[in-house]
Asks: 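Supplied in structure tokens, the structure appears directly below.
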Amino acid sequence: MELSSSFIHFPNPSTSSPCNHYSFSSSFSPFPIQIHTKTLKFTNPTCPNHRIFAVAVDPQGPQQELPKNSPQRLLRELAERKRGTAPKKKFPPKKFILRPPLDDKRLAERFLNSPQLSLKAFPLLSSCLPSSRLNNADKTWMDEYLLEAKQALGYPLEPSENFGDDNPAKQFDTLLYLAFQHPTGERTRARHVRSGHTRLLFLGQYVLELALAEFFLQRYPRESPGPMRERVYALIGKKHLPKWIKAASLQNLVFPFDDMDKLKRMEREPPVKSVFWALFGAIYLCFGMPEVYRVLFEVFGMDPEAEDCQPRERRQLEDVDYVSVEFEGKKLSWQEVAAYKPPEDALFAHPRLFRACVPPGMHRFRGNIWDYESRPQVMRALGYPLKMEDRIPDITKARNIELGLGLQLCFLHPSKHKFEHPRFCYERLEYLGQKIQDLVMAERLLMKHLDAPGLWLQERHRRTLMNKFCGRYLRDKHLHRFVIYAEDVQEKYEHNRKMRNPATTAVQQSLHGLSYAVYGKPDVRRLMFEVFDFEQIQPKAVV
């Protein structure tokens, strides 16, 4: 601090006092210092005209005075200046700080040592394994809780590693461990655990939807999709899932330190939903769809005939048409659905599912104008019929006839015949196609993006299968011209995009449901990624 004083003499001719007036002016260094000016009062002033305007005192004292060009002095002044003027900086949290990318060698080692590339025979199962090998903390949880989980689910207590390499159940212990590591658990801080769990729950939700859709379509062959959706929600809606977890005595594995019944709803439902979905993703990967039915109806004790699982009452249209013989007069149980295997010379990949969605009365439309004019164009655009190696030539001919009738049903809008014949429209095929389309896209994304977490895959899945895009792909193939509307609404649907686009989306999903019932899941992949190009990666023709 610099202090310079100048004495200014104020002459006062009217007084002869020996005391003069003095004024002190001070100049300070640029850093801020607070100075309090105060008028001093003397008890016995000897000179009443002696006034002091400002006084500055150095708090450091003369003993710490440093030379003007001293580095220590400059550093001290800089520190004082920063202390008074610099705002407090808010550093970003560590999760937002970008890390330098791995070099090529370390990145190659990471992928080559990852369990996700260890199973060439099961690419979908391999893509859902953790991105790195389980460590001691993971194995500690497995040693403590895994036997309890396997006993509650009805699986043998022996380690799954005893199975052969050609058996997907060999990875069941690892996937079962990942299924219980919900986002609020202890082990989710580890990246390989968190990512593995979210990928499993991403797959499991679509497995559950497809399993229950197939079950209710075969159990209720005359019912429209509206009541079936209500039945599905009553069984696997998120507010009902804690009841099933408690029925299977799994609540202590989901909440090891809390009483599930005493938790708030917002604290209880998200972890339970996450574990429930991931659990069925693991079961589907290791044991297939029949085991999904067993765990749903036997372990968790779901009852489709329970009073709280019934749809609300609504006005039903009278269904005067026949159903297939295997559905007449009875309701199929989950055991019949799970244990069903098509005969060797079956016409379709899923013959009973085809009979549940395509009513026998569709044969009355065989040979109509649409069958002669539109069906060949539609089959040519979709690449039908596929080449099949049948032992009997009549089987191929019969399959192609049924395929043509199914295609006509896919393009049959509800406005045409629904009020007289409720099942002569695409609604049941649309319901099936929506679920199989979701599952096929989920499997595709899991195998394509090995390092992506489930939340990212979920958003990508939603954006790819958005309804407006599904209908757009159908319109790009100019197939919307073959939709059969009632005469009084045809002009409205053809010229109003808000009515046309949902209808074309429904036709698109109906085609996926038909291809799944006739040819199986591989043909759904062919339609989605080769014919309609859902991912938009194929080169476009230049017009």
Asks: Between the side chains of Asp523 and Arg526, is the shortest nitrogen-to-carboxylate-oxygen separation below 4.0 Å, so that they form an ion pair?
Replies: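 A salt bridge links Arg526 with Asp523.
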Asks: Is the shortest distance from a Lys or Arg side-chain nitrogen in Glu269 or Arg265 to a carboxylate oxygen in the other one below 4.0 Å?
Replies: yes
Asks: Just by distance, do the side chain of Lys435 and the backbone of Leu212 share a donor-acceptor pair under 3.5 Å?
Replies: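 No; zero donor-acceptor contacts below 3.5 Å.
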Asks: If only side-chain N and O atoms count, and only distance matters, is there a donor-acceptor pair under 3.5 Å linking Ser274 with His197?
Replies: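 Short answer, yes.
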Asks: Do other residues, nucleotides or ligands put more than 12 heavy atoms under 6.0 Å from Arg497 CZ?
Replies: no
Asks: Should Lys243 and Asp308 count as an ion pair when the cut-off is N to O under 4.0 Å?
Replies: yes
Asks: I'd like to know if the side chain of Glu214 pairs up with that of Tyr516 as donor and acceptor (distance under 3.5 Å, no hydrogens or angles considered).
Replies: yes
Asks: Got Asp438 and Leu210 here, is their nearest side-chain heavy-atom distance under 4.5 Å?
Replies: no
Asks: Please evaluate residues Arg399 and Asp394 with respect to the criterion salt bridge (charged side-chain N to carboxylate O under 4.0 Å, His left out), reporting the C-alpha separation (whole Å), side-chain torsions for both, the decisive distance (0.1 Å), and the verdict.
Replies: CA-CA 8 Å; Arg399 181 189 299 112; Asp394 291 341; over 6 Å; no
Asks: Would a 4.5 Å heavy-atom cut-off, applied to side chains only, mark Val323 and Pro360 as touching?
Replies: no
Asks: Is the gap between the ring centers of His461 and Phe202 under 6.0 Å?
Replies: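 Yes, the ring centres sit under 6.0 Å apart.
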Asks: Taking the six-membered ring for Trp, are Phe280 and Tyr284 closer than 6.0 Å centroid to centroid?
Replies: no
Asks: Report yes if the distance between the aromatic ring centroids of Phe534 and His512 is under 6.0 Å, otherwise no.
Replies: yes
Asks: Just say parallel, tilted or perpendicular for the rings of Phe365 and His417, cut-offs at 30° and 60°.
Replies: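 Tilted, since the angle between the ring planes falls between 30° and 60°.
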Asks: Before giving the answer on side chain to side chain contact (heavy atoms under 4.5 Å, CB included), spell out for Phe411 and Tyr426 the whole-Å C-alpha distance, their side-chain angles and the decisive distance to 0.1 Å.
Replies: CA-CA 7 Å; Phe411 285 87; Tyr426 54 60; over 6 Å; no
Asks: Taking only Lys NZ, Arg NE, NH1 and NH2, and the carboxylate oxygens of Asp or Glu, determine whether Arg428 and Glu223 approach each other closer than 4.0 Å.
Replies: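 Glu223 and Arg428: not salt-bridged.
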Asks: Are side-chain N/O atoms of His478 and Gln377 paired as donor and acceptor at under 3.5 Å?
Replies: no
Asks: Going by atom types alone, do Asn501 and Tyr493 pair a side-chain donor with an acceptor below 3.5 Å?
Replies: no
Asks: Between Arg364 and Asp321, is the closest basic N to carboxylate O distance under 4.0 Å?
Replies: yes
Asks: Answer yes or no: is there a donor N or O on one side and an acceptor on the other, between the side chain of Asp303 and the main chain of Glu305, under 3.5 Å?
Replies: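 Such a contact is found between Asp303 side chain and Glu305 backbone.
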Asks: A quick test of your reading: do over 12 heavy atoms of other residues, nucleotides or ligands sit less than 6.0 Å from CD of Glu459?
Replies: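 Enclosed: over 12 neighbouring heavy atoms sit under 6.0 Å from CD of Glu459.
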Asks: Are Thr184 and Pro271 close enough that some pair of their side-chain heavy atoms sits under 4.5 Å apart?
Replies: yes
Asks: Whether the Gln490 and Glu494 side chains hold a donor-acceptor pair (N or O, under 3.5 Å, no angle test) is what I'd like checked.
Replies: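 Yes, Glu494 and Gln490 have a side-chain donor paired with an acceptor closer than 3.5 Å.
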Asks: Relative to the ring of Tyr220, is the ring of Phe216 parallel (under 30°), tilted (30 to 60°) or perpendicular (over 60°)?
Replies: parallel
Asks: Other residues, nucleotides and ligands only: do more than 12 of their heavy atoms fall within 6.0 Å of CD on Glu318?
Replies: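 Open: at most 12 neighbouring heavy atoms sit under 6.0 Å from CD of Glu318.
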Asks: Any donor-acceptor pair under 3.5 Å linking the side chain of Asn496 with the backbone of Lys492?
Replies: no
Asks: Ignoring hydrogens, what is the shortest heavy-atom contact between Pro453 and Ser195? Give both atom names and the distance.
Replies: CA-OG, 3.9 Å
Asks: What distance separates Arg231 CZ from Cys309 SG, expressed to the nearest 0.5 Å?
Replies: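 Result: 9.0 Å between the selected atoms.
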Asks: Quick one, Leu296 and Leu208 - any side-chain contact, counting heavy atoms below 4.5 Å?
Replies: yes
Asks: Is Trp244 reaching over with its side chain to a backbone N or O of Leu235, donor-acceptor style, under 3.5 angstrom?
Replies: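 Indeed, once roles are kept as given, a pair shorter than 3.5 Å links the two residues.
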Asks: To the nearest 0.5 Å, what is the distance between CG (Asn368) and OG (Ser374)?
Replies: 9.0 Å
Asks: Looking at Leu124 and Ser127, what are the two nearest heavy atoms and their distance?
Replies: O-OG, 2.7 Å
Asks: How about His240 and Phe300: are their ring centroids closer than 6.0 Å?
Replies: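 His240 vs Phe300: aromatic centres not under 6.0 Å.
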Asks: Using a distance-only test with no angle check, is there a side-chain donor-acceptor pair under 3.5 angstrom linking Gln181 and Arg194?
Replies: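 Short answer, no.
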Asks: Would you say that Leu176 contacts Leu153 through its side chain, given a criterion of any heavy-atom pair below 4.5 Å between the two side chains?
Replies: yes
Asks: Say you draw a straight line from NZ of Lys477 to CG of Asp533; how long is it, rounded to the nearest 0.5 Å?
Replies: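 Lys477 NZ to Asp533 CG: 8.0 Å, rounded to 0.5 Å.
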Asks: Enter the distance from Leu446:CG to Leu200:CG here, rounded to the nearest 0.5 Å.
Replies: 8.5 Å
Asks: Should we count CZ of Arg462 as having more than 12 external heavy atoms under 6.0 Å?
Replies: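 Atom CZ in Arg462 is packed in, count exceeds 12.
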Asks: Could you check if a side-chain atom of Pro359 sits within less than 4.5 angstrom of a side-chain atom of Phe424, using non-hydrogen atoms only?
Replies: yes
Asks: Mark yes or no for whether His421, through its side chain, and Asp319, through its backbone, hold a donor-acceptor pair below 3.5 Å.
Replies: no
Asks: Look at atom NZ of Lys238 and say whether more than 12 heavy atoms of other residues, nucleotides or ligands are closer to it than 6.0 Å.
Replies: no
Asks: Checking side chain to side chain contact (heavy atoms under 4.5 Å, CB included) for the pair Phe327/Arg352: CA distance, chi angles, key distance, verdict?
Replies: CA-CA 9 Å; Phe327 305 123; Arg352 197 158 64 185; 3.4 Å; yes
Asks: Give the intermediate values and the outcome of side chain to side chain contact (heavy atoms under 4.5 Å, CB included) for residues Met528 and Val524.
Replies: CA-CA 6 Å; Met528 291 179 64; Val524 182; 3.8 Å; yes
Asks: To the nearest 0.5 Å, tell me how far Gln171 CD sits from Cys128 SG.
Replies: 11.5 Å
Asks: Should Val507 and Glu430 count as side-chain neighbours, where that means a heavy-atom distance under 4.5 Å?
Replies: no
Asks: Within a reach of under 6.0 Å around CG of Asp345, are more than 12 heavy atoms found that belong to other residues, nucleotides or ligands?
Replies: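 More than 12 within 6.0 Å, yes.
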Asks: Taking atom CZ of Arg314 as the centre, report whether more than 12 heavy atoms of other residues, nucleotides or ligands fall under 6.0 Å from it.
Replies: yes
Asks: Rounded to the nearest 0.5 Å, what separation is found between the CZ atom of Phe469 and the OG1 atom of Thr464?
Replies: 8.5 Å
Asks: Does the ring center of Phe348 lie less than 6.0 Å from the ring center of Tyr519?
Replies: no
Asks: Closer than 3.5 angstrom, by distance alone: can the side chain of Tyr206 be matched with the main-chain N or O of Ala442 as a donor-acceptor pair?
Replies: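 No, because the side chain of Tyr206 does not come within donor-acceptor range (under 3.5 Å) of the backbone of Ala442.
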Asks: Could you check Arg229, Glu427, Arg423 and say which one makes a side-chain contact (heavy atoms from CB on, under 4.5 Å) with Ser224?
Replies: Glu427
Asks: Are the side chains of Lys416 and Tyr485 in touch, meaning some heavy atoms are under 4.5 Å apart?
Replies: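 Lys416 vs Tyr485: side chains apart.
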Asks: Between Arg219 and Leu332 (side chain of the first, backbone of the second, donor and acceptor by atom type, cut-off under 3.5 Å), is there such a pair?
Replies: yes
Asks: Under 3.5 Å, side chain of Gln508 to main-chain N/O of Leu474, donor-acceptor pair present?
Replies: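 Looks like yes, one N/O pair under 3.5 Å.
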Asks: Kindly assign one of parallel, tilted or perpendicular to the pair His449 and Trp456, based on the angle between their ring planes and the thresholds 30° and 60°.
Replies: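 His449 vs Trp456 ring planes: perpendicular.
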Asks: Just checking Glu313: does its CD atom have more than 12 heavy atoms from other residues, nucleotides or ligands closer to it than 6.0 angstrom?
Replies: no
Asks: Report yes or no: does Glu230 contribute a side-chain atom to a donor-acceptor pair with the main-chain N or O of Arg312 at less than 3.5 Å?
Replies: yes
Asks: For Glu326 and Gln218, does a side-chain donor sit closer than 3.5 Å to a side-chain acceptor?
Replies: no
Asks: Would you call Lys521-Glu443 a salt bridge at under 4.0 Å N-O?
Replies: yes
